[in-house]
**Q** 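Dropping the structure in here first, questions after.
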Amino acid sequence: MKRKLAVMLMTAMTVSALLAGCGNQADNAGGAADTNASDDVGSTTDNAADTNAADNAESADSADANAADTAADGEKVVLKAVCDLTPHSEILNAASDLLAAEGIELDIVSTTWDATWNDMLIDGEIDFAYFMHVPAMESIEEEMGADLYSMGGVHVEPYACFSDKYATKEELPENAVIAIPNDSSNEYRALKVLEAEGFLKLDPEMTAIDASIQKVDEYLIPIEIVEMDQANIIPSAADFDAYFVNVNRALEANIDTTSYLMREGEDSEYANIITVTEANKDNESIKKLVEILQSDEIKQFITDNFNGAVIPAKN
């Protein structure tokens, strides 16, 4: 009986020890599982954080690149120019908003013509000039030995004859004294108008380069022609029965440009052009400028604001 009881006690102790061991293994397994799970979560979190950081860095780089592109796109181009006050500067100013939308700003250096304008253009002090037509440009090329380029015509100022004394050409007296400019291209225009109106006949070989009163073959109506610097014609207008000037100078002097005695037709080939040198003939900003100045919006501005004294050029 005692032997049997001892065996039972030993069996119970063995079972208890086994159960205790299993419990410790389970706890260790559970602890390992918890640790591994924790490590996995930590590792996943760290990886996610690293990925997000990389994404954010890449996004920041992309934003910086976009900002740089925007800054480059928003950079303004400033074009320096000379032009007559009327109507040239008014036309350029009317185009300022359209130009600004293309990132172009104009710096009009001067609106009072003098002989230095040609030098400024040829020497590269300005990017373009807006005061001449093609025959005038060609005359300057020949005179100064320069290569100039027309980027396109903007407007026409039909060359006109005015008088402070008479209302019509029929009122002009015999031997009327008529002032015309002495620069060859404008003298050519004035003489061609006088020929068209029946006052004289010209040498058919006369060109805009060599025009002068020496090229008059015959006077059909007796008149006296006085050649002089165009800048002095309006100030001395009272000395003449009639005088020829560019319409823009008449506008500047507040002369009624509808009261002309005679003038070129509206099909005049003497469109005022944007003139550049070799350095700017491929300038994209100047090409855009000309495109805008030839647009329907600017043509309408010219039509609405100058009462026929200035008309859009055909292009």
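Values reported hereafter were calculated over all heavy atoms of this structure, with side chains retained and with hydrogens, waters and symmetry mates removed. One is the number of the first residue; the rest follow in order along the sequence.
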**Q** Grab the two heavy atoms, one from Tyr270 and one from Glu264, that are nearest each other, plus how far apart they are.
**A** CD1-OE2, 3.6 Å
**Q** Would you indicate whether the side-chain heavy atoms of Phe301 and Ile91 approach each other to under 4.5 Å?
**A** yes
**Q** If we only count heavy atoms from C-beta on, is the Val226 to Ile180 side-chain gap below 4.5 Å?
**A** no
**Q** If I take atom CG from residue Leu194 and atom CD1 from residue Ile213, how far apart are they, to the nearest 0.5 angstrom?
**A** 11.5 Å
**Q** Hey, is the main chain of Val276 close enough, under 3.5 Å, to the side chain of Asn280 for a donor-acceptor pair?
**A** no
**Q** With a cut-off of 6.0 Å (strictly less than), are more than 12 heavy atoms of other residues, nucleotides or ligands near OH of Tyr260?
**A** no
**Q** To check you understand the geometry: which heavy-atom pair defines the closest contact between Leu293 and Ala95, and what is its length?
**A** CD2-CB, 3.9 Å
**Q** If I take atom CD from residue Glu187 and atom CZ from residue Phe244, how far apart are they, to the nearest 0.5 angstrom?
**A** 11.0 Å
**Q** Would you mind writing out the side-chain donor-acceptor pairs for residues 112-124 within the sub-3.5 Å range, not counting sequence neighbours?
**A**
| from | atom 1 | to | atom 2 | distance (Å) |
| --- | --- | --- | --- | --- |
| Asp114 | OD1 | Thr116 | N | 2.8 |
| Asp114 | OD1 | Thr116 | OG1 | 2.2 |
| Trp117 | NE1 | Ser110 | OG | 3.2 |

**Q** Using a strict threshold of under 4.0 Å (side-chain N to carboxylate O), is an ion pair present between Lys80 and Glu125?
**A** no
**Q** Listed by chain and number, what are the side chain to side chain contact (heavy atoms under 4.5 Å, CB included) partners of Asp256, not counting sequence neighbours?
**A** Thr258, Ser259
**Q** Using the rule that Ile, Leu, Val, Met, Phe, Trp and Tyr join whenever any side-chain heavy atoms are under 4.5 Å apart, tell me whether Tyr188 and Val134 fall into a single cluster.
**A** no
**Q** Counting C-beta onward and ignoring hydrogens, is there a side-chain heavy-atom pair between Leu106 and Leu99 closer than 4.5 Å?
**A** yes
**Q** Count the heavy atoms of every other residue, nucleotide or ligand shown that sit under 6.0 Å from NZ of Lys201, and state whether that count exceeds 12.
**A** no
**Q** Look at the aromatic rings of Phe162 and Tyr243 and report parallel, tilted or perpendicular, splitting at 30° and 60°.
**A** tilted
**Q** To the nearest 0.5 Å, what is the distance between CE on Met262 and NZ on Lys169?
**A** 7.0 Å
**Q** With side chains defined as the heavy atoms from C-beta onward, is the minimum distance between Leu200 and Ile225 less than 4.5 Å?
**A** yes
**Q** Check whether any side-chain heavy atom of Arg189 sits under 4.5 Å from a side-chain heavy atom of His133, and report yes or no.
**A** yes
**Q** Mind running side chain to side chain contact (heavy atoms under 4.5 Å, CB included) on Asn175 and Glu224 for me, showing each step along the way?
**A** CA-CA 6 Å; Asn175 296 311; Glu224 179 185 346; 5.8 Å; no
**Q** In Å and rounded to the nearest 0.5 Å, what is the NZ to CD distance from Lys314 to Gln294?
**A** 14.5 Å
**Q** Which atoms form the tightest heavy-atom contact between Val109 and Ile126, and what is the distance?
**A** CG2-CG2, 4.1 Å
**Q** The test is side chain to side chain contact (heavy atoms under 4.5 Å, CB included); show your working for Glu218 and Leu220 and say whether it passes.
**A** CA-CA 6 Å; Glu218 181 183 0; Leu220 303 177; 3.6 Å; yes
**Q** So that I can tick it off, tell me whether Arg249 and Glu252 are bridged by a salt bridge, with the cut-off set at under 4.0 angstrom between side-chain N and carboxylate O.
**A** no
**Q** Side-chain heavy atoms under 4.5 angstrom apart, residues restricted to Ile, Leu, Val, Met, Phe, Trp, Tyr: same cluster for Tyr130 and Ile302?
**A** yes
**Q** Verify the cluster assignment for Val177 and Leu191: are they in a single hydrophobic cluster under the rule of side-chain heavy atoms below 4.5 Å apart?
**A** no
**Q** Can you check side chain to side chain contact (heavy atoms under 4.5 Å, CB included) on Cys161 and Arg263, steps first, answer last?
**A** CA-CA 6 Å; Cys161 179; Arg263 74 170 191 174; over 6 Å; no
**Q** So do the side chains of Val156 and Asn272 get within less than 4.5 Å of each other, counting heavy atoms only?
**A** no
**Q** Is it the case that Glu90 and His88 place a side-chain donor and acceptor less than 3.5 Å from each other?
**A** no
**Q** Look up atom CG in Asn248 and atom OG1 in Thr86, then write down how far apart they are to the nearest 0.5 Å.
**A** 7.5 Å
**Q** Does Glu105 reach the side chain of Leu79, with side-chain heavy atoms less than 4.5 Å apart?
**A** no
**Q** Using the rule side-chain contact (heavy atoms from CB on, under 4.5 Å), only one of Ile178, Asp241, Leu172, Val193 pairs with Leu261; which is it?
**A** Leu172
**Q** Are Asn232 and Asp229 close enough that a side-chain donor and a side-chain acceptor fall under 3.5 Å?
**A** no
**Q** Applying side chain to side chain contact (heavy atoms under 4.5 Å, CB included), run through Phe128 and Leu289 and close with a yes or a no.
**A** CA-CA 11 Å; Phe128 71 89; Leu289 164 72; 3.6 Å; yes
**Q** Does the side chain of Tyr159 reach to within under 4.5 Å of the side chain of Asn186, using non-hydrogen atoms?
**A** yes
**Q** Once you round to the nearest 0.5 Å, how far does CE of Met206 lie from CG of Asp217?
**A** 10.0 Å
**Q** Show the atom names and distances, to 0.1 Å, of all donor-acceptor pairs under 3.5 Å that link a side chain in residues 136-152 to residues at least two apart or in another chain.
**A**
| from | atom 1 | to | atom 2 | distance (Å) |
| --- | --- | --- | --- | --- |
| Glu141 | OE2 | Leu148 | N | 2.7 |
| Tyr149 | OH | Glu278 | OE1 | 2.6 |
| Ser150 | OG | Gly152 | N | 3.3 |

**Q** On a heavy-atom basis, which atom in Glu157 and which in Asn246 lie closest, and how many Å separate them?
**A** OE1-CB, 4.1 Å
**Q** Under 4.5 Å between side-chain heavy atoms, counting indirect links through other Ile/Leu/Val/Met/Phe/Trp/Tyr residues: same cluster for Val82 and Ile286 or not?
**A** no
**Q** Show the nearest heavy-atom pair for residues Ile108 and Thr111, with the distance to one decimal.
**A** CG2-CG2, 3.7 Å
**Q** Is Ile273 reachable from Ile298 through a run of I, L, V, M, F, W or Y residues, each pair having side-chain heavy atoms under 4.5 Å apart?
**A** no
**Q** Of all the heavy-atom pairs spanning Val310 and Pro87, show the shortest one and how long it is.
**A** CG2-CG, 3.7 Å
